[in-house]
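What follows is a short report on a single structure.
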Amino acid sequence: MSSQLLPVASLSTTPRSSLSPSSSRIQHTLAQRTHIPAHVYKHPAAILLELCTSMEELHQIIPLIIKNGLYEEHLFQTKLVSLFCKYGSLTEATRVFEPIENKNDALYHTMLKGYAQNSSIFDGLSFYCRMIEDGVQPVVYNFTYLLKGCGENCLVKNGKQVHAQLILNGHEGDVYAMTCVVNMYAKCRLIDDAHKAFVRLPERDLVSWNTIIAGYAQNGFAGRAIELVSQMQVEQLKPDPITIISVLPAVALLDMYLKCGSLSTARVIFDKMSVRNVVSWNIMIDGYAESGDSMESLILFQKMLDDGIKPTGVTIMAALHACADSGDLSRGQFLHRLANELGLQNDIPLTNSLISMYSKCKQIEIAGKLFKNMKEKTRVSWNTMILGYAQNGRVIEALNHFRDMKLENIEPDSFTMVSIISAISESSILLQAKWIHGVVIRSFLVRNVFVKTSLVDMYAKCGAISIARKLFDLMDEKHITTWNAMIDGHSRFIKEGVRYFSIMKEKYAVDPTMDHYGAMVDLLGRSGRLQEAWDFILKMPVEPGVNIFGAMLGACRIHKNVKFGEMAAERLFKLNPTDGGYYVLLANLYASVSMWDKVNEIRTKMERKGIVKTPGFSSVDLGNEVHSFYSGSSWHSDSKKIYDFLETLIEKIKGAGYVADMDLMRDVEDDVEEHMVSVHSEKLAIAYGLLNTRPGKTIHIRKNLRVCGDCHNATKFISLVEKREIIVRDLHRFHHFKDGICSCGDYW
DNA sequence: CTAGGGTTAG
């Protein structure tokens with residue numbers, strides 16, 4: 001025996017008198033085992049081992065065993081192996097096990113349990129093979145450990161091998177072991193095999209029923225799981241708490257499908273619960289946040305704090321989700337402080353949620369700082385940050401982070417791709433679009449429905465409508481947002497848009513979202529079918545949102561229809577939109593029909609409410625660089641050259657039939673009372689683009705507001721006289737100018 | 001050594 005492996009600490013604590021009064025019972029239990037002599041099982045060291053609760057205590061008992069010459073006793077050897085395994089030190093267990101010369105079967109069985117439960121299942125399986133090679137007969141419970149390990153690790157092949165061994169060793173009639181087989185197949189997602197094993201059971205008791213019920217529930221067969229709960233009662237077996245707990249998620253799942261995400265049932269149960277723990281609160285708070293009811297989520301969160309329940313990271317993440325959705329920055333900041341008080345500064349998922357909250361509340365700088373300061377970043381962290389930049393229109397930062405992520409050897413996934421694609425859609429640069437499409441294909445993410453949808457949307461926004469259409473037609477699985485992207489991208493073609501909208505509902509049973517309705521109103525309205533658009537709004541099965549009336553108002557502005565415009569505006573302003581652009585839109589509508597008193601009225605209203613309009617700017621993509629221009633700006637180094645060129649260009653298109661329209665020009669970009677029209681940013685950007693690209697090259701423009709009527713008209717003529725394709729992506733859509741015609745058909 | 005089933009979470 002090698003003594004160096006054993007600690008030399010003396011047994012100072014745990015005097016004999018501290019032995020529990022049940023020591024005689026322990027002695028009795030020990031004596032019942034294989035013929036152990038009384039001086040061994042009655043020895044205090046044996047009783048101490050039975051009472052041992054930690055590795056520390058074990059190390060204190062061992063010297064006592066050695067001093068008393070008991071180390072060679074099988075009872076002690078087996079117990080030591082068992083305890084070392086239990087406390088996680090397989091190395092020490094092996095050091096006891098291996099040197100033993102005459103290893104009995106029990107010792108092997110103990111070691112096997114240790115490997116299967118406290119090491120990896122593969123160690124357990126190899127030890128089983130060795131045990132058989134050493135000529136040791138397995139016992140039925142050896143298989144239960146191995147089956148459990150195979151199930152937990154989804155090792156179908158190994159699980160089947162163990163199942164075979166079980167049969168070969170004649171244990172097919174053992175309910176306990178066979179229940180493990182049922183469980184193993186269920187955990188390996190082979191629910192049919194699990195069921196086959198279940199029907200072959202020698203008898204079906206409560207535990208085996210619970211096993212198959214949980215199996216169905218975990219594999220997503222909610223209905224089947226519930227069915228089996230009734231069936232077990234036919235066999236006179238009453239469901240116990242474990243049955244209920246196993247089937248509850250299945251019930252909730254069914255409920256969700258039936259009630260279409262309704263939380264009310266869950267809430268009734270929650271309100272009736274006598275004892276609510278953090279988990280029950282968390283589920284409810286997150287449930288509301290997830291379903292979009294931020295208000296109720298946050299009310300419940302406050303209630304939880306009032307009830308004196310200490311929130312966990314999960315609670316805070318759920319509440320942050322609600323803040324992000326509702327743009328509630330101040331409450332989000334409160335949650336941030338709370339998380340710090342709870343010591344969650346370095347919690348990665350929580351920091352990810354904070355980044356998401358700050359990004360959605362337009363505090364992208366704070367989000368960026370949090371991200372930068374993270375000691376450790378997961379893929380989710382990168383995805384959250386990239387999405388944040390994309391949603392805040394920070395295309396360059398999004399692309400830079402995408403590059404950095406790859407430099408850090410973190411593989412992008414479908415979430416990364418969707419974010420980066422939407423960032424590129426924002427800039428509408430076709431070259432970048434094609435580049436990312438290539439990246440998507442090379443990273444094997446092109447089959448993902450969300451990725452494909454965002455590609456369709458991206459190409460549509462870049463003006464490459466034929467590529468978008470091709471991708472759309474190739475998609476076999478279409479998601480709700482795919483339809484949206486396509487309806488939006490085809491918006492010039494009213495008939496097709498309407499058709500997509502109806503087959504989406506009828507053939508594919510996809511419920512339209514607010515964006516779909518918005519797209520339809522826009523489509524009908526811009527084409528001048530204002531009555532139809534208004535009827536469509538009135539017939540909507542859901543309460544119309546800001547975007548619906550905004551689209552209607554925009555259409556009325558184009559068609560100078562004050563009657564519908566005022567109706568839309570009235571409903572719109574009741575919804576308190578934050579965007580001042582709608583007031584400008586209404587004022588422009590009045591201006592277009594010379595109702596100047598009304599124009600003044602709106603202007604006063606805006607001043608009183610402190611509404612500021614967004615300054616217009618346009619940018620032009622020159623391949624390697626992007627140049628931005630503000631309305632009437634002259635700070636560009638080539639400013640003089642640009643204005644001179646623009647002057648000759650305007651003369652040239654006038655020769656081709658262009659007439660400047662002062663009324664149309666006084667549009668969203670200008671103050672409503674401003675009569676001297678400065679040069680719109682879009683014209684500056686186009687001029688700069690023409691000056692700095694070789695003849696024939698397509699010009700890509702991006703504008704933060706809607707294109708005004710005069711610029712639109714001018715661009716058509718420019719495309720004709722300069723023989724250039726010009727693609728303008730404005731706030732709402734793309735315009736593809738070619739040979740004096742725009743792809744939007746003059747509806748926008 | 002001395003056996004089998006369950007729950008919450010981005």
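Residue numbers start from 1 in every chain, and the chains themselves are labelled A, B, ... in the order their sequence lines are given, proteins ahead of strands.
Atom CD in A/Glu73 sits roughly 17 Å away from atom C1' in B/dC1 (whole-Å rounding). Distance A/Ile100 CD1 to B/dC1 P: 13 Å, rounded to the nearest Å. Atom P of nucleotide B/dC1 and atom CG of A/Leu83 are separated by 7 Å, given to the nearest angstrom. The nearest whole Å value for the distance from the CZ atom in A/Phe76 to the P atom in B/dC1 is 12 Å. We find that CG of A/Asp325 is positioned 14 Å from P of B/dG10, with the value rounded to whole Å. The NZ-P distance, from A/Lys113 to B/dA3, rounds to 8 Å in whole Å. The interatomic distance linking A/Phe143 (CZ) with B/dT2 (P) rounds to 16 Å, in whole Å. If you measure from atom CD of A/Glu203 to atom C1' of B/dG4, you get 12 Å, rounded to the nearest angstrom.
Among the heavy atoms of the strands lying under 4.0 Å from A/Asn183 are primed sugar atoms or P, OP1, OP2 only; no base atom is included. Contacts of A/Asp240 with the nucleic acid, taken as non-hydrogen atoms under 4.0 Å apart, include base atoms. Note on A/Val380: nothing from the nucleic acid sits closer than 4.0 angstrom, heavy atoms only. Residue A/Asp205 is in base contact, counting any heavy-atom pair closer than 4.0 Å across all strands shown. Residue-level contact check: A/Val175 touches the bases, meaning some heavy atom is under 4.0 Å from a base atom.
Dashed line: the shortest gap from a side-chain N or O of A/Lys79 to OP1 or OP2 of B/dC1 is under 4.0 Å. OP1 or OP2 of B/dG6 lies within a sub-4.0 Å distance of a side-chain N or O belonging to A/Lys187. At least one side-chain nitrogen or oxygen of A/Gln218 sits closer than 4.0 Å to the OP1 or OP2 atom of B/dT7. The side chain of A/Ser82 places an N or O atom within less than 4.0 Å of a non-bridging phosphate oxygen (OP1 or OP2) of B/dC1.
Aromatic stacking is marked for A/Tyr176 over B/dG4, as both cut-offs hold: 5.5 Å for the centres and 30° for the planes.
Annotation: A/Trp382 is not in aromatic contact with A/Phe402 [ring centroid separation under 6.0 Å not met].
Applying the ring-ring contact (aromatic ring centres under 6.0 Å, His included) test to every pair with at least one member in residues 145-164 of chain A, sequence neighbours left out, gives these pairs: A/His163-A/Tyr185.
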ask   = Please walk me through it: do A/Lys369 and A/Asn373 pass side-chain hydrogen bond (donor to acceptor under 3.5 Å, both in side chains)?
value = CA-CA 6 Å; A/Lys369 227 181 237 171; A/Asn373 289 334; over 6 Å; no
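A salt bridge between A/Glu57 and A/Lys86 is absent, with no side-chain N of the basic residue lying under 4.0 Å from a carboxylate O of the acidic one.
Between the side chains of A/Glu227 and A/Tyr216, no donor N or O sits under 3.5 Å from an acceptor N or O.
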